[in-house]
Amino acid sequence: MIQKNLHILLQNIPVISITGTSEIVIEGIQTDSRAVTKDMLFVAQNGVSGNGHDFIDDAIQKGASAIVCEKLPQHLHETCCYILVENSQKTSGDLLARFYAIDFSTFSVVGITGTNGKTTTVTLLYKLFSQLGYTCGLISTVRNIIGVEEIEATHTTPNAVQLFELFGRMIDAGCSYCFMEVSSHAIDQQRIAGIMFRGAVFSNLTQDHLDYHKTFAEYIRAKKSFFDALPESAFALTNNDDKNGMIMLQNSHACKYTYSLKSYSDFKTKVLETHSDGMLLSVEKSEVWTNFLGVFNAYNILAVYATAIILGESHDAILQILSTIKPADGRMEFFKSAEGKTAIVDYAHTPDALENILRTLRKQCSDSMRLITVVGAGGNRDKTKRPIMGNIAATLSDMLIVTADNPRYENPQDIANDMIAGIGSEYTDKVLCILQREEAIKTALMLAKKSDLVVVAGKGHETYQEIQGVKHHFDDREVIKKIFNL
């Protein structure tokens, strides 16, 4: 159990006032009052769905001996220390870094942000640096890893308390690096406050999360603020082919680098050949075979290569290892039946990601092959992307089955109707709507002929389907394996 003197933890932390004695020992820091136990410090934050200040008394009843807040409660407990600050979120990050004794000079955290490609990029970096001989940590949508220990991931970016607990465990396990996805939600909610990033990578920016950010301008602002906050000692690497790529670097104090396939950049690659099982790339004038498909993956691989070079690794060693690495779970994951049918599971859940994968696979189809797509859209999320995704899927597929994704608290039929509304009348003859996802997948595979490609998009690695607040076990890959007898 970690124990720290509160007075020492607060040294050089900007505070407005301290009421009560800070000469106490605390045994943990929490931002969720439900998780508070004896002698903990509770940080009251203004959250998206609630205000932590409303739960200060609850935290004290559970044993909190100190409170960080932006507004003092009317009734103060004599036995409790109250620390008034301007920004609770930022203060919690700074305190957590000190509580877990995170030394960012010896523990390097590299963050990857963007709409698409985050999971593939961080997973590739984790695998690459592990094979280069480092003990590494991974924080991703799919899973969190400490060295070789895997931990289930519940969010793209965990909350601050979970993050620093993971960092502490990574350091105890001897990790030199942590490669983590950084979501726009986490940036906006200051869940990454207190982290001294060694570097940040920007992949791309397309429509997503407008249910949260409301406007695309706010979405850009959130991403950009991540780069604005980087110290001079960090690096900032951006995709120069993305129209918002250079915006990320405008006000950053970090050392700036660019990568691209099309424009002039510090790091460049070119797709030389594409086959059904991978691509041949030219990376900085060296040819390398990769087990990945699609131009979008060429960008991901180049971002990984550039990051490793910036961090001081050898060109030859990087490319040799990258040629052996397989895609992340649920990212262009192929399954082949004995009779020659092929199913591909991918996490594509945004218009851009869906278009990328369908265009990539369209190129693999001969005149006799058909591309059959099964896809839905998430409930209680950005509704404006649904008709766009429906249009993209219908335009690029020979057959489309609209189904349920994670409907959450919405009616699955309403979500499907939103998608179908974006489909032109010229495509309606090749569109089916089967809301039961397992039946939709079964139907697609039954209708597929030998050598056809069936794409099951939207859920990828997920092993659940969320309906009315309940997560039911469901895995696209399991359904396909069962049908294919794999």
Side-chain angles (χ1 to χ4, degrees), residues 1-104 109 139 154-155 157-169 171 182-183 185-196 212 222 225 229:
M1 179 183 291
I2 302 174
Q3 295 182 323
K4 292 291 175 72
N5 184 290
L6 179 59
H7 179 74
I8 294 174
L9 283 179
L10 290 172
Q11 288 179 359
N12 299 318
I13 297 285
V15 300
I16 297 172
S17 66
I18 298 176
T19 304
T21 180
S22 61
E23 287 291 353
I24 57 175
V25 172
I26 63 168
E27 297 183 356
I29 300 173
Q30 278 294 345
T31 57
D32 184 344
S33 63
R34 295 167 296 184
V36 171
T37 58
K38 190 175 184 298
D39 292 328
M40 277 193 173
L41 167 67
F42 173 65
V43 183
Q45 300 178 341
N46 287 310
V48 176
S49 57
N51 189 335
H53 291 76
D54 296 333
F55 301 95
I56 288 176
D57 283 343
D58 292 345
I60 293 171
Q61 288 175 16
K62 286 179 173 290
S65 55
I67 304 292
V68 169
C69 54
E70 295 175 8
K71 181 181 178 181
L72 288 173
Q74 288 186 338
H75 173 68
L76 302 181
H77 291 256
E78 293 181 2
T79 58
C80 194
C81 176
Y82 295 86
I83 302 105
L84 186 65
V85 299
E86 184 176 337
N87 188 314
S88 292
Q89 278 91 342
K90 185 180 185 308
T91 302
S92 68
D94 293 337
L95 288 172
L96 284 161
R98 294 186 178 194
F99 184 80
Y100 287 101
I102 309 298
D103 183 356
F104 290 109
V109 180
I139 296 175
T154 56
H155 294 80
T157 310
N159 65 42
V161 173
Q162 294 167 332
L163 268 178
F164 281 94
E165 285 178 348
L166 285 169
F167 289 160
R169 291 176 62 184
I171 290 171
V182 179
S183 69
H185 293 70
I187 299 168
D188 187 63
Q189 296 166 16
Q190 299 188 61
R191 280 187 261 150
I192 56 172
I195 303 174
M196 186 72 70
Y212 176 86
S225 67

Legend entry - From OG (Ser33) to CE (Met40), nearest 0.5 Å: 12.0 Å
Inset, instruction - Over all heavy atoms of both residues, which pair between Ile83 and Ala66 is shortest? Give the atoms and the distance, please. - result: CD1-CB, 4.4 Å
Legend entry - For Phe164 against Ala193, the heavy-atom pair lying closest together: CE1-O, 3.7 Å
Inset, instruction - Compare every heavy atom of Val182 with every heavy atom of Ile192, then report the nearest pair and how far apart it is. - result: CD1-CG1, 4.0 Å
Legend entry - Interatomic spacing from OG1 in Thr19 to CG in Leu76 - rounded to 0.5 Å: 6.0 Å
Legend entry - Minimum-distance pair of heavy atoms, taken over all atoms of Phe42 and Ala64: CB-CB, 4.3 Å
Which pairs would a plain distance check flag for residues 91-104, meaning a side-chain donor or acceptor within less than 3.5 Å of a matching protein atom at least two apart in sequence or in another chain?
| unit_1 | atom_1 | unit_2 | atom_2 | d |
| --- | --- | --- | --- | --- |
| Thr91 | OG1 | Asn87 | O | 2.8 |
| Ser92 | OG | Gln45 | NE2 | 3.1 |
| Ser92 | OG | Gln89 | O | 2.7 |
| Asp94 | OD2 | Lys90 | NZ | 3.1 |
| Arg98 | NH1 | Leu9 | O | 2.9 |
| Arg98 | NH1 | Gln11 | O | 2.2 |
| Arg98 | NH2 | Gln11 | O | 2.9 |
| Asp103 | OD1 | Ser105 | N | 3.0 |
| Asp103 | OD1 | Ser105 | OG | 2.5 |
| Asp103 | OD2 | Ser105 | OG | 3.2 |

Side-chain donor-acceptor pairs under 3.5 Å in residues 20-27, sequence neighbours left out?
| unit_1 | atom_1 | unit_2 | atom_2 | d |
| --- | --- | --- | --- | --- |
| Thr21 | OG1 | Glu23 | N | 3.1 |
| Ser22 | OG | His7 | ND1 | 3.2 |
| Glu23 | OE1 | Asn5 | ND2 | 3.4 |
| Glu27 | OE2 | Gln3 | NE2 | 2.8 |

Inset, instruction - Over all heavy atoms of both residues, which pair between Val68 and Val85 is shortest? Give the atoms and the distance, please. - result: CG1-CG2, 3.7 Å
Legend entry - Residue pairs fulfilling ring pair (Phe, Tyr, Trp, His ring centres under 6.0 Å) with at least one residue in residues 67-89, sequence neighbours excluded: His75-His77
Inset, instruction - Not counting sequence neighbours, list each pair that qualifies as a salt bridge (Lys or Arg N to Asp or Glu O under 4.0 Å) and has a residue in residues 32-47. - result: Asp32-Arg34
Inset, instruction - Of all the heavy-atom pairs spanning His53 and Asn46, show the shortest one and how long it is. - result: ND1-OD1, 4.0 Å
Legend entry - Ile195 vs Phe167 side-chain heavy atoms within contact, under 4.5 Å: yes
Legend entry - Between SG on residue Cys69 and CD1 on residue Ile56, distance to nearest 0.5 Å: 5.0 Å
Inset, instruction - Quick one: pull up OG in Ser65 and CG in Leu41 and give me the separation to the nearest 0.5 Å. - result: 7.5 Å
Inset, instruction - Verify, without hydrogens or angle tests, whether Ser88 (side chain) and Ala44 (backbone) share a donor-acceptor contact under 3.5 angstrom. - result: yes
Legend entry - For Asn12, all residues meeting side-chain hydrogen bond (donor to acceptor under 3.5 Å, both in side chains), sequence neighbours excluded: none
Inset, instruction - Would you list the pairs meeting salt bridge (Lys or Arg N to Asp or Glu O under 4.0 Å) in which at least one residue belongs to residues 55-68, sequence neighbours left out? - result: none
